[in-house]
Amino acid sequence: MSKTIYYACKYAPLELFAGYGATFSALDPLAESFSCAERCAHANLCGYAKAVLEQVEQSGIRALVLTNCCDAMLRVYDVLAASGKMEFLQLLPVPHQSTPATRARFARDLRRLADALQRYTGQEFDAQRAHAFFVHKPHAEGPHLTLLGAHGGSVLYDTVQKAFALPVVDATCTGNRELADVAPAALEDFLPSYAAALLGQIPCMRMDAPVSERAALVDGQTVGIVYHTVQFCDYYAPGLTAPEQFHLPVLKIETDCSRQTFTSGGGQLSTRLGAFAESLNAVPDTENKEAPAMNTNAQYAAGIDSGSASTDAVILDRSGKICGWAIVPTGAGAATGARQALEQALTMAGIAESDLGSKVYTGYGREFLGDDGAAVTEITCHARGAHHLDPAVRTVIDIGGQDSKVIRLSESGAVETFAMNDKCAAGTGRFLEMMARTLQMKLPEMSELGLDWHNDVTISSMCTVFAESEVVSLIARSTAPADIIHGLNKSVAGKTAALARRTGGVAPFMMTGGVARNRGVVKELETALKAPVEVSEYSQLCGSLGAALFALEKMGVKL
């Protein structure tokens with residue numbers, strides 16, 4: 001019988017496990033689905049807790065020590081205890097603070113766990129064996145990124161590290177485990193000092209300690225912070241403001257510990273990480289990929305923005321003048337849409353593809369458009385395009401087909417910070433497209449009709465599907481279409497304004513993306529922001545314009 005004991009918290013007594021000769025391993029949950037967890041627990045359990053249940057079931061884990069780090073893990077313990085499948089299941093109560101009284105109580109709880117370990121392993125406690133496991137991990141030398149927040153597993157860490165040319169230090173709630181040494185001693189003498197060492201670690205968010213005590217997680221060589229929280233997390237989600245104390249660039253990300261986050265659903269995560277790397281000048285060299293060919297003497301450059309709904313292309317000459325452009329439906333294949341858009345833009349410019357000195361691809365499809373162009377995230381490209389159109393702009397609002405982005409710019413046009421909507425279509429172009437179908441009208445008609453409203457209608461649901469049900473109900477009550485559209489516009493504007501507030505967005509504002517053509521949404525957004533929102537004739541082309549400007553830069557052209 002395997003004696004491997006699994007654990008899920010940095011306060012788990014690994015040295016005690018070693019003292020009893022047990023093998024042990026950290027849980028590293030990444031669920032294919034949550035079918036098992038949602039069958040035996042509530043669907044709104046946090047993603048990490050559900051992933052733990054999935055890993056225990058799918059991997060046949062039969063020995064596990066949990067801590068009461070949160071209510072979700074208490075629920076995991078209850079579910080596993082009720083299953084009757086566990087051979088060794090222990091819940092270690094960890095105090096929320098370190099005082100003489102709590103350390104004494106914790107030592108007693110560790111003694112009860114030690115007795116259970118002795119029965120499970122059949123071995124006596126060996127103090128030398130326990131002491132040998134006190135390992136201090138090396139600290140990073142030189143500039144690096146710091147991954148803070150909730151544990152997200154090895155796949156999250158590898159994904160973050162792959163996105164940056166700098167080393168990434170794992171300082172999440174499990175990654176920053178480090179104890180002061182405890183001298184070898186008999187169990188009764190070992191446990192009081194060991195309890196103090198466990199509680200003396202840099203406190204996690206569930207501990208009753210000032211946020212300032214976690215400042216040691218970030219050293220003077222940290223150039224940026226990636227702060228991770230798990231969907232529905234009760235401790236780390238409220239702590240999203242904690243990284244602001246470090247006065248460093250911060251990227252805030254959320255996962256649900258499902259594989260979809262990193263595969264088919266990973267486009268948004270990839271975009272966020274890529275844009276953050278670009279803002280820090282820490283983009284890694286693409287492995288095994290030659291730099292795209294370019295002609296620095298050519299007179300033209302192209303930018304192609306492959307979005308979920310449309311693909312846009314812009315041709316610029318060396319002066320930065322737009323010589324040709326195109327907007328086509330993306331369709332079933334990103335590469336096909338990109339080819340069509342580029343060909344139409346070349347035709348408008350009256351040039352051949354061989355006249356292009358460089359290409360830059362952006363948008364969600366950027367990685368699938370071939371090796372003949374460089375790839376830059378749409379965050380960076382929209383910022384560059386908007387600054388080119390109006391250098392006074394400080395906040396860019398891009399409502400695209402499947403997501404919304406708000407980007408705050410510096411005076412030079414660099415990205416200072418940005419925020420994207422969560423994995424939901426509400427407040428996007430797709431949302432408006434679905435509502436137009438429900439109202440049986442085209443988007444241009446919907447845009448104009450929404451300006452002629454008379455009665456204020458509120459669409460209260462935050463979910464696209466439920467909002468559509470609200471619209472159907474309003475239609476059944478003979479509510480005027482113009483009033484319904486106004487309610488939809490107001491809903492989109494409200495969600496986008498909230499996103500702008502998260503970034504500290506300030507005027508002047510510019511709106512980009514396809515929804516910028518919807519005058520009703522723009523008007524409601526101005527009301528929500530209490531400021532004018534600029535819309536350029538090239539707003540929908542802003543991403544591809546920014547990409548084309550980067551292509552010119554790669555040819556050595558400075559505008």
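What's counted below: heavy atoms across the whole structure, side chains too, no hydrogens, waters or symmetry copies.
Two residues are said to be in side-chain contact when any heavy atoms from C-beta on lie closer than 4.5 Å; Lys495 and Leu499 fail this criterion. In this structure, the side chains of Leu145 and Val223 come closer than 4.5 Å at one or more pairs of heavy atoms. The side-chain heavy atoms of Glu278 and Phe550, taken from C-beta on, include no pair separated by under 4.5 Å. Using a 4.5 Å cut-off on side-chain heavy atoms (C-beta onward), Leu66 and Gln90 make no contact. Proximity of Thr146 to Leu248: side-chain heavy atoms (C-beta onward) are nowhere separated by under 4.5 Å. In this structure the side chain of Gln118 reaches within 4.5 angstrom of the side chain of Glu124, judged on heavy atoms. In this structure, Phe106 and Val94 have side chains that are in contact, with non-hydrogen atoms separated by less than 4.5 Å. The shortest distance between side-chain heavy atoms of Arg177 and Leu179 falls below 4.5 Å.
Remark: the backbone N or O of Arg206 is paired with a side-chain donor or acceptor of His96 at under 3.5 angstrom. Although no hydrogens or angles enter the test, the distance criterion places no donor-acceptor pair under 3.5 Å between the side chain of Arg62 and the main chain of Glu87. With Gln55 contributing its side chain and Val52 its backbone, the two residues share no donor-acceptor pair below 3.5 Å. Although no hydrogens or angles enter the test, the distance criterion places a donor-acceptor pair under 3.5 Å between the side chain of Gln161 and the main chain of Val168. With hydrogens and angles disregarded, no donor-acceptor distance shorter than 3.5 Å links the side chain of Asp181 to the backbone of Ala183. The backbone N or O of Gly363 lies less than 3.5 Å from a partner atom in the side chain of Arg366, making a donor-acceptor pair. Side-chain N or O atoms of Thr102 include one that pairs as donor or acceptor with a backbone N or O of Gln97 at under 3.5 Å. The backbone N or O of His144 lies less than 3.5 Å from no partner atom in the side chain of Gln221, so there is not a single donor-acceptor pair. Not one N or O on the side chain of Asp71 forms a donor-acceptor pair closer than 3.5 Å with the backbone of Leu74. Checked by atom type and distance alone, the side chain of Gln201 pairs as donor or acceptor with a backbone atom of Glu178 at under 3.5 Å.
Contact between Cys173 and Cys204 at its shortest, heavy atoms only, is CB-CB, 4.5 Å. Between Ala383 and Gly413 the shortest heavy-atom distance is CB-O, 4.1 Å. Here the closest heavy-atom approach between residue Leu64 and residue Met86 is recorded as CB-CE, 3.9 Å. Summarising the geometry of Leu525 relative to Ala497, their closest heavy-atom pair is CD1-N, 4.2 Å, with the distance given to 0.1 Å. Shortest non-hydrogen contact noted between Thr172 and Ala150 is CG2-O, 3.7 Å. The shortest heavy-atom contact between Val396 and Ala386 is CG2-CB, 3.5 Å.
Taking CG of Leu110 as the start and CZ of Arg103 as the end, the distance is 13.0 Å to the nearest 0.5 Å. Put simply, CG on Leu14 and CG on Leu198 are 8.0 Å apart, with the number rounded to the nearest 0.5 Å. In this structure, the separation between CD1 on Ile225 and CG on Leu147 is 10.5 Å, given to the nearest 0.5 Å. Distance check, rounded to the nearest 0.5 Å: CE of Met205 to SG of Cys69 gives 13.5 Å. Taking OH of Tyr227 as the start and CD of Glu254 as the end, the distance is 11.5 Å to the nearest 0.5 Å. The CZ atom of Phe509 lies 4.5 Å from the CG atom of Leu529; values are rounded to the nearest 0.5 Å.
Using bins of under 30°, 30° to 60° and over 60° for the plane-to-plane angle, the ring pair Tyr7/Phe17 lands in the tilted bin. Relative ring orientation between Tyr194 and Phe190 is described as parallel, the plane-to-plane angle staying below 30° on a 0-90° scale split at 30° and 60°. Aromatic ring orientation, Phe88 versus Tyr120: parallel (interplanar angle below 30°, classes split at 30° and 60°). Between Phe164 and Phe276, the two ring planes are perpendicular [angle over 60°; tilted spans 30° to 60°].
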Going through the distances and angles, do Thr255 and Thr261 end up as a side-chain hydrogen bond (donor to acceptor under 3.5 Å, both in side chains)? CA-CA 6 Å; Thr255 71; Thr261 304; 5.4 Å; no

Just do the side chain to side chain contact (heavy atoms under 4.5 Å, CB included) check on Thr380 and Thr362 with the steps written out, would you? CA-CA 9 Å; Thr380 304; Thr362 191; over 6 Å; no

Just do the side chain to side chain contact (heavy atoms under 4.5 Å, CB included) check on Met207 and Leu199 with the steps written out, would you? CA-CA 9 Å; Met207 301 299 278; Leu199 294 179; 4.2 Å; yes

Test ring-ring contact (aromatic ring centres under 6.0 Å, His included) on Tyr6 and Phe24 and set out the steps. CA-CA 6 Å; Tyr6 287 81; Phe24 45 90; over 10 Å; no

Set out, in order, the CA-CA distance, both residues' side-chain angles and the distance that settles side chain to side chain contact (heavy atoms under 4.5 Å, CB included) for His387 and Arg384, then state yes or no. CA-CA 5 Å; His387 183 73; Arg384 183 66 176 272; 5.7 Å; no

Run the side chain to side chain contact (heavy atoms under 4.5 Å, CB included) test on Leu53 and Leu80 for me, step by step, so that the C-alpha distance in whole Å, both residues' side-chain angles and the decisive distance to 0.1 Å come before the verdict. CA-CA 8 Å; Leu53 287 171; Leu80 293 176; 3.9 Å; yes

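With respect to Arg394 and Glu416, no salt bridge is recorded, no charged nitrogen being found less than 4.0 Å from a carboxylate O.
For the ring pair (Phe, Tyr, Trp, His ring centres under 6.0 Å) with His151, the lone residue among Tyr48, Tyr235, Tyr236 that qualifies is Tyr48.
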